[in-house]
Amino acid sequence: MSTTHPTTILEAITADEATGRPIPDAATREVIGHAPVHTVADLDAAIAAARAAQPAWAALGHGERSRILKAIADEIEANAEELAVLLSREQGKPLDGPNARFEVGACAAWTRNAADTPIEPEVVFEDGAARAELHYEPLGVVGAIGPWNWPMMISVWQIAPSLRMGNTVVVKPSEYTPLSVLALAEVFNRHLPAGVLTVVAGDREVGAAIAAHPGLDKIMFTGSTATGRRIVESSAQNLARLTLELGGNDAGIVLPGTDVSAIAENLFWGCFINTGQTCASLKRLYVHDSVYDEVVDTLAGMAQAMPMGRGLDAGNVLGPLQNEKQFDIVRRLVDDARGRGARVVAGGEPAPELGPLFYRATVVADVDDGAALVDEEQFGPVIPVIRYTDVDDAIARANASEQGLGASVWSSDPDEAVAVARRIQAGTVWINQHGALNPNIPFGGTKASGYGHEFGVHGLKAVSSPKVISR
């Protein structure tokens, strides 16, 4: 298929102003485009089209589907700057730093990885007289529900493996960031047959209908724990397979004797990547008394120095909160901590001169478990730093949360760090880094942070139906 297009991507996807829903620039709040207002009837039609298209898509085989996915990855790269600009405006993350351009690059990388990852039949039993092989077949139609914080990248995590394994996909993006996902799908669909990938940009009613829809064989969801629980309940109606990547109040533990200067940059971005709006970012930091003041001062200095502002302005690496609801949550949690006597070392207030939803990068010290800022997932540019004196106590406090998506251990002693990591209840525990992801390494949570894994061969298996052939 041709990679030329007569219009910009935004022009191709935006709805008519009279019928569409206006979508604001996260930084300025000016309208950047209009999203279509899809209904449950549109969802039904999309699922019916996906069901009809799935057999032929599956029949292409792994080789041809992988070839198409690689062409899509090339297409993403060819349109990377246009996609990044739209993403920056709608979501708020700057173009520079580990933000919009980084996210679009990750879309190409994860798409290509889904194409390249081998998945072969597994011999599970053989004794000379009998042989049993485990094969991985398409499930059928996958329903994918995505979030607003990394809308393109997380959609790719759902879409690319599903397509590789011969499924068709219907995507429901967040109401806050539909244009980014529509743009991504427009690029994908330059290479896909009709009906294989459809975006339904609807409201919560459409999202609820996906969870219980009889035409879906698999549901993938990234979002809050509360919504995940409702999806589990609804999926009892159709017994769809589930992959749930839910909230994470990720803990980090800085061990005694750690060289703070050696970990400073990774520690900062573990907390503040995407202006703190990341499920698996560091949300509460337990620091040993021996290095507590140095960690607090180091993070505060970095928070005050990092450029924050409109995402399209070169040099900015921190942006606004994406929406008013999240801005209000962040402000409430910081104000509550201050009211409890916590020490706000950096930030601690909005930055109205930058725009209506900007909140300064904030470091809060002398706070403890029991404060809402520690116990709740703030999902913004704020890190509470909690002092401890006993490592066993810090581990117990890190594990006290009902959530267990990610965690991290920071130390100059690798063996000691691994020993502590093994005792932490989380799907991933990083050492001297936090939130670093690799398309070959399985990713998923424990406890109330969901279940199922994405990425690599584990991710391909999660969007397929295992079939045993015995002879």
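Sequence neighbours left out, the pairs with a member in residues 311-329 that pass side-chain hydrogen bond (donor to acceptor under 3.5 Å, both in side chains) are D328-R331. The salt bridge (charged side-chain N to carboxylate O under 4.0 Å, His left out) pairs that include a residue from residues 127-147 are E126-R131, R131-E133, where partners are two or more places apart or lie in different chains.
Qualifying ring-ring contact (aromatic ring centres under 6.0 Å, His included) partners for F455, counting only residues two or more places apart in sequence or in other chains: W110, W157, F443. The side chain to side chain contact (heavy atoms under 4.5 Å, CB included) check on P466 picks up L134, Y136, with sequence neighbours excluded. A search for salt bridge (charged side-chain N to carboxylate O under 4.0 Å, His left out) contacts involving R29 returns nothing, not counting sequence neighbours. In this structure, D42 has no salt bridge (charged side-chain N to carboxylate O under 4.0 Å, His left out) partners at least two apart in sequence or on a different chain. Listed by chain and number, the residues in a ring-ring contact (aromatic ring centres under 6.0 Å, His included) with W430 are H434 (sequence neighbours excluded). Qualifying side chain to side chain contact (heavy atoms under 4.5 Å, CB included) partners for A208, counting only residues two or more places apart in sequence or in other chains: none. Qualifying side chain to side chain contact (heavy atoms under 4.5 Å, CB included) partners for T446, counting only residues two or more places apart in sequence or in other chains: none. Evaluation of the side chain to side chain contact (heavy atoms under 4.5 Å, CB included) rule for A194 yields no partner, not counting sequence neighbours. Partners of D203 under the salt bridge (charged side-chain N to carboxylate O under 4.0 Å, His left out) rule, at least two apart in sequence or in another chain, do not exist in this structure.
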Anything under 3.5 Å between a donor and an acceptor, one on a side chain of residues 46-62, the other on a protein residue two or more places apart or in another chain? List them.
{"residue": "R51", "atom": "NH1", "partner": "D217", "partner atom": "OD2", "Å": "3.1"}
{"residue": "R51", "atom": "NH2", "partner": "G215", "partner atom": "O", "Å": "2.5"}
{"residue": "R51", "atom": "NH2", "partner": "D217", "partner atom": "OD2", "Å": "2.9"}
{"residue": "Q54", "atom": "NE2", "partner": "G166", "partner atom": "O", "Å": "2.8"}
{"residue": "W57", "atom": "NE1", "partner": "L163", "partner atom": "O", "Å": "3.0"}
{"residue": "W57", "atom": "NE1", "partner": "N167", "partner atom": "O", "Å": "3.3"}
{"residue": "H62", "atom": "ND1", "partner": "R65", "partner atom": "NH2", "Å": "3.4"}
{"residue": "H62", "atom": "ND1", "partner": "R164", "partner atom": "NE", "Å": "3.0"}

